[in-house]
Protein chains: 2
Amino acid sequence: MLEYIKDPAMIERKSFEIIAEKLDGKLSHLGSIEQNIIKRVVHCSGNLDLWDKLNFSEDFFESFLSFLRYKTVYTDVNMVKSGINKKIIPELQVYCFIDEPEIAELSKEQKISRAYLSMQKALRANPGIFVIGNAPTALFKLLESTEKLFIIGVPVGFVGAAQSKELLVGSVHSYVTLSGTFGGSNIAAAIMNALLKEAYNAAIR
Amino acid sequence: MLEYIKDPAMIERKSFEIIAEKLDGKLSHLGSIEQNIIKRVVHCSGNLDLWDKLNFSEDFFESFLSFLRYKTVYTDVNMVKSGINKKIIPELQVYCFIDEPEIAELSKEQKISRAYLSMQKALRANPGIFVIGNAPTALFKLLESTEKLFIIGVPVGFVGAAQSKELLVGSVHSYVTLSGTFGGSNIAAAIMNALLKEAYNAAIR
């Protein structure tokens, strides 16, 4: 028989002990919320090299809390939606428009990505939090907004991802982002879940 | 106005051109299916360093095709399920048991991860393809099977992930896996989608 830990609480504890051992010395100049987010990103990707690649706007947590009041979240892809932990704040409504027939039709007609069109639709809807884990075009669309948004912006890949995230850092918006080609729906969901936990903890303190 | 590509077909083409430029020289000793899978993994993670971290059992594609006849897939987490492209083979049934009340109850009672218990349930059900993108305990559970399985095994993290994937490579099972702490639901879904496309292409050739 194989010997391994099956208790999920023990696995999580041990995992964060290992991450803390590797990273705590490097992160001590950061606030505890930033540190927790970075550790969650490393945890979900198994990639320790990501520790110095996150960027936070100065007001990111205040802005997150203020947009959280709308209890509305828009994601670019279903994997991000699926990765958001619904147990932390059960009233939260998470929307992803990418599979809607009208979006597919428009996309075919106009040769514009479905993620872009989904964000166009979201920007016309009620205010909310934006979580982009896949498509640079979704983030580019949000960057055109002149109203200040809160964006978790970690699109991935070799065409537009690095550029869109650089522009996010120089924008009017509040954000958490990751530099370079790295990103993905797992990282987007991990950042969102870390922020939700911090918001929950802040509310019950 | 920002200048960027909005046409999804052009983005994908350009992205794979960039990846090919960086990797083709390094991958030429591999078969075309392996090369395509590696490129999909790099594409979905934005991480070029993953190119030499994939491992394939000798019979992986034949075994994949043979289990695909059951049209049944089991995933450890919902993000993997959500990331599998349902358009390639529409009859495919994808199951994830992690949110079932009976699994949650057992997990609480026995202090065993829900992913482990989900695989225990899947192993008792009809044969199918296993896609593990998150939990080492799910892969450990599959490794206990004496019947040969087909497993996409890319659990992530610092507790058990590397070890479970090493054991997979030495096991009786057919597999695609990734060494070390790296992994994740995005990578699991990317490997599965690459294999589905190859199967589709093989069938229409």
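All of these numbers come straight from a predicted model, not from anything done at the bench.
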So what's closer than 4.5 Å to chain B heavy atoms on A:S45: side chain, backbone, both or neither? backbone
Positions in residues 161-181 of chain A that reach chain B, provided some heavy atom is under 4.5 Å away: A:Q163, A:L167, A:T181
Okay, B:I112 and chain A: the region with an atom under 4.5 Å from a heavy atom over there is both
May I ask you to test the A:V131-A:I151 pair for a side-chain heavy-atom distance under 4.5 Å? no
Does any part of the side chain of A:L54, heavy atoms only, come nearer than 4.5 Å to the side chain of A:V41, both counted from C-beta? yes
Need one label for A:K87: side chain, backbone, both or neither, based on atoms under 4.5 Å from any heavy atom in chain B. side chain
Compare all side-chain heavy atoms of B:T137 with those of B:M119 and state whether any distance is below 4.5 angstrom. no
Which atoms of A:I18 are under 4.5 Å from chain B, going by heavy atoms: the side chain, the backbone, both sets, or neither? side chain
Candidate list B:Y200, B:F150, B:F56, B:F130, test ring-ring contact (aromatic ring centres under 6.0 Å, His included), partner B:F64, passing option: B:F150
Contacting moiety of B:F182, where chain A heavy atoms sit under 4.5 Å: both
Heavy-atom pairs under 4.5 Å with chain A are the metric here; pick the option from B:N47, B:N78, B:V42 that has the most. B:N47
Say whether, by atom type as modelled, one donor and one acceptor occur between the side chain of A:K86 and the main chain of A:I84 under 3.5 angstrom. yes
Can you confirm whether B:K26 sits close enough to B:D52 that some side-chain heavy atom of one is under 4.5 Å from a side-chain heavy atom of the other? no
A:V77 versus chain B, the contacting section by heavy-atom distance below 4.5 Å: neither
Strictly below 4.0 Å, N to O, side chains only: are A:R40 and A:E12 in salt-bridge contact? yes
Does any backbone or side-chain atom of B:S185 lie under 4.5 Å from a heavy atom of chain A? Answer side chain, backbone, both or neither. both
A side-chain contact here means heavy atoms from C-beta on lying under 4.5 Å apart; do A:S113 and B:K6 qualify? no
If you look at every heavy atom in A:Q35 and A:S28, which pair is closest and at what distance? NE2-CA, 3.9 Å
Do A:Y116 and A:L106 come close enough that some side-chain heavy atom pair is under 4.5 Å? no
When B:I187, B:L48, B:V80, B:D49 are compared by non-hydrogen pairs under 4.5 Å with chain A, the top option: B:L48
Engaged part of A:Y4 at the chain B interface, taking heavy atoms whose separation is under 4.5 Å: side chain
Short N-O contact, A:D76 and A:R114, less than 4.0 angstrom: no
